[in-house]
J.: 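Input: one structure, supplied below.
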Amino acid sequence: MRILTPRSFSIGRNFLSPSSDVSGLRGIVTSCRAVVLPRFGGPEVLELRPNLEVPALKSNEVLVRARAVSINPLDTRMRSAYGRSIFEPHLPLILGRDISGEVAALGASVRSLSVGQEVFGALHPTAIRGTYADYAILSEDELAPKPVAVTHVEASAIPFAALTAWRALKGSARISEGQRVLVVGGGGAVGFAAIQLSVAAGCHVTATCGSQSIGRVLAAGAEQAVDYTAEDLELAIKGKFDAVLDTIGAPETERISINFLKRGGHYMTLQGEAASLADRYGLAIGLPLATAILLKKQIQYRYSHGIEYWWTYMRADSEGLDEIRRLSEAGKLKMPVEKTFPITQVREAHKAKDERHIPGKIVLELD
């Protein structure tokens with residue numbers, strides 16, 4: 001790991017401008033350990049490299065010393081070539097979206113954070129330099145103070161999943177107190193976060209999940225938890241809903257979910273077709289095609305069912321992350337971590353995630 005002293009700063013895209021607050025900072029990291037994806041494939045392609053360059057900070061960016069980073073389904077899918085059209089030109093790249101750690105350095109325009117402060121946050125899904133590294137770079141609006149009541153491991157499991165659910169429920173559906181919300185796939189991280197966010201907003205929540213998640217889903221505040229492996233959803237679930245978040249996104253769950261909506265309701269799926277179509281036809285054809293398909297579905301369902309149809313993705317939202325922090329601090333938003341691995345065992349961690357030996361969140365710890 002190479003260190004530059006503050007006197008080595010130069011004008012331009014450096015970690016800190018001469019006017020930045022360098023109190024308590026002994027040096028600037030220029031290289032660090034990082035898990036690199038040199039090519040697409042299984043867990044065996046991941047490489048832990050000892051000295052990967054840390055880019056200079058832009059004015060709105062923050063250098064974070066990582067203490068824990070969680071593994072999201074997006075990480076394993078990216079490793080297996082999901083989003084190839086976007087990511088292949090940038091190989092080798094660093095995986096990872098979630099992070100919890102401490103601020104190591106600040107860009108010149110950052111005002112809401114300070115060096116040494118404990119923070120947590122998540123990168124956008126299309127970020128090239130991820131968080132599987134000793135030091136990660138995030139923009140100011142992708143970070144918030146870490147909830148004091150939780151550890152770095154617990155905090156790292158929260159942001160990406162919770163912000164994905166937040167964008168759907170608050171950004172698209174704009175849920176409010178007293179409304180009914182259906183979460184399809186409430187046992188997964190995004191679904192579990194969605195249940196807790198909806199309950200915190202004063203909504204009445206029904207969720208589908210596997211039998212092993214029934215107890216946890218009910219404990220999170222759902223009024224009804226339906227085992228999709230043992231029950232007929234169309235018979236077990238009663239009444240209509242103001243919003244449905246479908247984390248599964250299969251044709252059958254889409255059909256069932258849309259029929260559960262009131263007129264004026266919102267259907268949101270995590271399984272949009274933009275990335276898959278771009279991978280199949282290239283960005284130039286795939287993205288316009290995806291836009292056309294989405295628009296067609298929106299018009300179709302607005303006309304046939306009187307509902308709004310959305311593909312939903314995680315996006316940085318400082319207001320949302322701050323609310324997620326407050327809820328976590330109050331004990332109203334938790335993301336159980338099933339197992340941790342040291343960053344040196346990232347291949348084993350990905351293998352466990354692929355084989356679904358561990359049902360809940362897996363976190364990589366950095367010493």
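In what follows, every heavy atom counts, from backbone to side chain, and hydrogens, waters and symmetry copies are set aside. Quick caveat, the model's predicted, so the values are computed rather than measured. Each residue takes its place number in the sequence, starting with 1.
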J.: Can you confirm whether Y132 sits close enough to L37 that some side-chain heavy atom of one is under 4.5 Å from a side-chain heavy atom of the other?
T.: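 Y132 vs L37: side chains apart.
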J.: Is the number of heavy atoms from other residues, nucleotides or ligands under 6.0 Å of K351 NZ greater than 12?
T.: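 At most 12 heavy atoms, drawn from other residues, nucleotides or ligands, come within 6.0 Å of this atom.
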J.: Evaluate the ring planes of F260 and F241, with Trp represented by its six-membered ring, and classify them as parallel (under 30°), tilted (30 to 60°) or perpendicular (over 60°).
T.: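 Correct class here is perpendicular.
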J.: Measure across V62 and L57 and return the closest heavy-atom pair with its distance rounded to 0.1 Å.
T.: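 Result for this residue pair: C-CD2, 4.1 Å.
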J.: Verify, without hydrogens or angle tests, whether R347 (side chain) and T344 (backbone) share a donor-acceptor contact under 3.5 angstrom.
T.: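 No; zero donor-acceptor contacts below 3.5 Å.
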J.: For the atom pair CG (N60) and CG (L138), what is the distance rounded to the nearest 0.5 Å?
T.: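 Reported to 0.5 Å precision, the distance equals 10.5 Å.
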J.: Which heavy-atom pair separates M268 from L169 by the least distance, and what is that distance?
T.: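 Between these two residues, the closest heavy atoms are SD-N, 4.3 Å.
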J.: With rounding to the nearest 0.5 Å, note down the distance linking CZ in R315 to CG in D141.
T.: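 Those atoms lie 11.5 Å apart.
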J.: Inspect the contact between E234 and R255 and indicate whether a charged nitrogen and a carboxylate oxygen are less than 4.0 angstrom apart.
T.: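 Between E234 and R255 there is a salt bridge, with a charged N closer than 4.0 Å to a carboxylate O.
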J.: To the nearest 0.5 angstrom, please state how far the OG1 atom of T131 sits from the CD1 atom of I137.
T.: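 Reported value, rounded in 0.5 Å steps: 12.5 Å.
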J.: Is any side-chain heavy atom of L277 less than 4.5 Å from a side-chain heavy atom of I293?
T.: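 Of all side-chain heavy-atom pairs linking I293 with L277, at least one is under 4.5 Å.
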J.: Between E308 and R174 (salt bridge meaning N to carboxylate O under 4.0 Å), is one present in this structure?
T.: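 The answer is no: the pair does not qualify as a salt bridge.
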J.: So, T247 side chain and V184 main chain: donor-acceptor pair closer than 3.5 Å or not?
T.: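 Yes; at least one donor-acceptor contact below 3.5 Å.
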J.: Within a reach of under 6.0 Å around CG of D367, are more than 12 heavy atoms found that belong to other residues, nucleotides or ligands?
T.: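 For D367, atom CG is not crowded (no more than 12 foreign heavy atoms under 6.0 Å).
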J.: Does F341 have K339 sitting over its ring (NZ/CZ under 6.0 Å from centre, angle to axis within 45°)?
T.: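 Output yes; distance and angle both within limits.
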J.: Whether the side chain of R167 engages the backbone of Y313 through a donor-acceptor N/O pair (distance < 3.5 Å, no angle test) should be reported.
T.: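 Present.
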J.: Are side-chain heavy atoms of E254 and K297 found at a separation under 4.5 Å?
T.: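 They are in side-chain contact.
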J.: Are K262 and D242 within salt-bridge range, i.e. N to O under 4.0 Å?
T.: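 Judged by the 4.0 Å cut-off on N to carboxylate O distance, K262 and D242 do form a salt bridge.
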J.: Mind telling me whether W310 and H266 have parallel, tilted or perpendicular rings, with 30° and 60° as the class edges?
T.: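 Correct class here is parallel.
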J.: Rounded to the nearest 0.5 Å, what separation is found between the CD1 atom of I256 and the CD1 atom of I248?
T.: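 It is 11.5 Å, given to the nearest 0.5 Å.
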J.: Quick check: do L106 and R111 have side-chain heavy atoms less than 4.5 Å from each other?
T.: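 L106 vs R111: side chains apart.
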J.: So, the side chain of E140 versus the backbone of S112: is there a donor-acceptor pair under 3.5 Å, distance only?
T.: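 Answer holds: yes.
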J.: What do the steps show when you test E323 against R326 for salt bridge (charged side-chain N to carboxylate O under 4.0 Å, His left out), and what is the final call?
T.: CA-CA 5 Å; E323 177 64 16; R326 287 196 294 268; 2.6 Å; yes
J.: Under 3.5 Å, side chain of K240 to main-chain N/O of N259, donor-acceptor pair present?
T.: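 Such a contact is found between K240 side chain and N259 backbone.
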J.: Please give me the minimum heavy-atom distance between V150 and S328, naming the atom from each residue.
T.: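 Where V150 meets S328 most closely, the heavy atoms are CG1-OG, 3.8 Å.
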J.: Could you check whether any side-chain heavy atom of L321 comes within less than 4.5 Å of a side-chain heavy atom of D317, counting everything from C-beta outward?
T.: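 Answer no - side chains too far apart.
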J.: Between the side chain of Q196 and the main-chain N/O of K334, is any donor-acceptor distance below 3.5 Å?
T.: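 Side chain of Q196 to backbone of K334, a donor-acceptor pair under 3.5 Å: yes, one is there.
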J.: Sort out for me which residue in M78, E142, M314 forms a side-chain contact (heavy atoms from CB on, under 4.5 Å) with R97.
T.: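 Of M78, E142, M314, side-chain contact (heavy atoms from CB on, under 4.5 Å) with R97 is met by M78 alone.
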J.: Begin from the C-alpha positions of V45 and F40 and carry the test side-chain contact (heavy atoms from CB on, under 4.5 Å) through to its verdict.
T.: CA-CA 7 Å; V45 304; F40 299 121; over 6 Å; no
J.: Testing the basics here: between S109 and S59, what is the closest heavy-atom pair and its distance to 0.1 Å?
T.: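 Answer, listing the atom of S109 first, then S59: OG-O, 2.8 Å.
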J.: With a 3.5 Å distance limit and no angle check, can you tell me whether D322 reaches the backbone of E319 through a side-chain donor-acceptor pair?
T.: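 Not confirmed, D322 side chain does not pair with E319 backbone.
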J.: Determine, stepwise, if the pair L74 / Y82 fulfils side-chain contact (heavy atoms from CB on, under 4.5 Å).
T.: CA-CA 8 Å; L74 178 62; Y82 174 79; 3.9 Å; yes
J.: Is I94 reachable from I128 through a run of hydrophobic residues whose side-chain heavy atoms are each under 4.5 Å from the next?
T.: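 Looking at the clustering, I94 is in the same group as I128.
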J.: Does K170, at its NZ atom, have more than 12 non-hydrogen atoms belonging to other residues, nucleotides or ligands within less than 6.0 Å?
T.: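 It does: K170 NZ has more than 12 such atoms within range.
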J.: Output yes when R84 and D279 qualify as a salt bridge under the 4.0 Å nitrogen-oxygen rule, no when they do not.
T.: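 D279 and R84: not salt-bridged.
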J.: Are the side chains of V35 and E47 in touch, meaning some heavy atoms are under 4.5 Å apart?
T.: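 Result no, sub-4.5 Å side-chain heavy-atom pair not found.
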J.: Taking the side chain as everything from C-beta on, heavy atoms only, tell me whether L270 gets closer than 4.5 Å to L245.
T.: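 In contact.
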J.: Return yes if some donor-acceptor pair links the side-chain N/O of S31 with the main-chain N/O of L52 below 3.5 Å, else return no.
T.: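 Answer holds: no.
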J.: With a 4.5 Å cut-off on side-chain heavy-atom distances among I, L, V, M, F, W and Y, is there a chain of contacts connecting V244 to V205?
T.: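 Different clusters.
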J.: To the nearest 0.5 Å, tell me how far I99 CD1 sits from L364 CG.
T.: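 The distance works out to 11.5 Å.
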J.: Measuring only between side-chain heavy atoms, which start at C-beta, is D98 closer than 4.5 Å to F120?
T.: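 They are not in side-chain contact.
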J.: From L261 CG over to H305 NE2, what is the distance, rounded to the nearest 0.5 angstrom?
T.: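 L261 atom CG to H305 atom NE2 measures 9.0 Å (nearest 0.5 Å).
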J.: Can you see which heavy atom on V217 is nearest to which on C209, and at what distance?
T.: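 Answer, listing the atom of V217 first, then C209: CG2-SG, 3.9 Å.
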J.: Check for a donor-acceptor pair, side chain of R280 on one end and backbone N or O of G286 on the other, with a separation under 3.5 Å.
T.: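 Pair absent, no side-chain N/O of R280 close to backbone of G286.
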J.: Out of the candidates W311, Y309, Y301, only one should pair with Y267 under the ring-ring contact (aromatic ring centres under 6.0 Å, His included) rule; please name it.
T.: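 With Y267 as partner, ring-ring contact (aromatic ring centres under 6.0 Å, His included) holds for just one option, Y309.
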J.: Can you spot which of T269, T253, T312 makes a side chain to side chain donor-acceptor pair (under 3.5 Å) with D246?
T.: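 The single option meeting the side chain to side chain donor-acceptor pair (under 3.5 Å) with D246 is T253.
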J.: Are any side-chain N or O atoms of E329 and backbone N or O atoms of V148, one a donor and one an acceptor, separated by less than 3.5 Å?
T.: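 The answer is yes, because a donor-acceptor pair under 3.5 Å joins these two groups.
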J.: Do you know which of E154, K146, H152, R67 makes side chain to side chain donor-acceptor pair (under 3.5 Å) with S100?
T.: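 Considering E154, K146, H152, R67, a side chain to side chain donor-acceptor pair (under 3.5 Å) with S100 is found only for H152.
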J.: Testing the basics here: between A127 and F87, what is the closest heavy-atom pair and its distance to 0.1 Å?
T.: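 Looking at all heavy atoms of both residues, the shortest contact is O-CE2, 3.9 Å.
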J.: Show your working on side-chain contact (heavy atoms from CB on, under 4.5 Å) between V363 and S70 and close with a plain yes or no.
T.: CA-CA 4 Å; V363 170; S70 79; 3.9 Å; yes
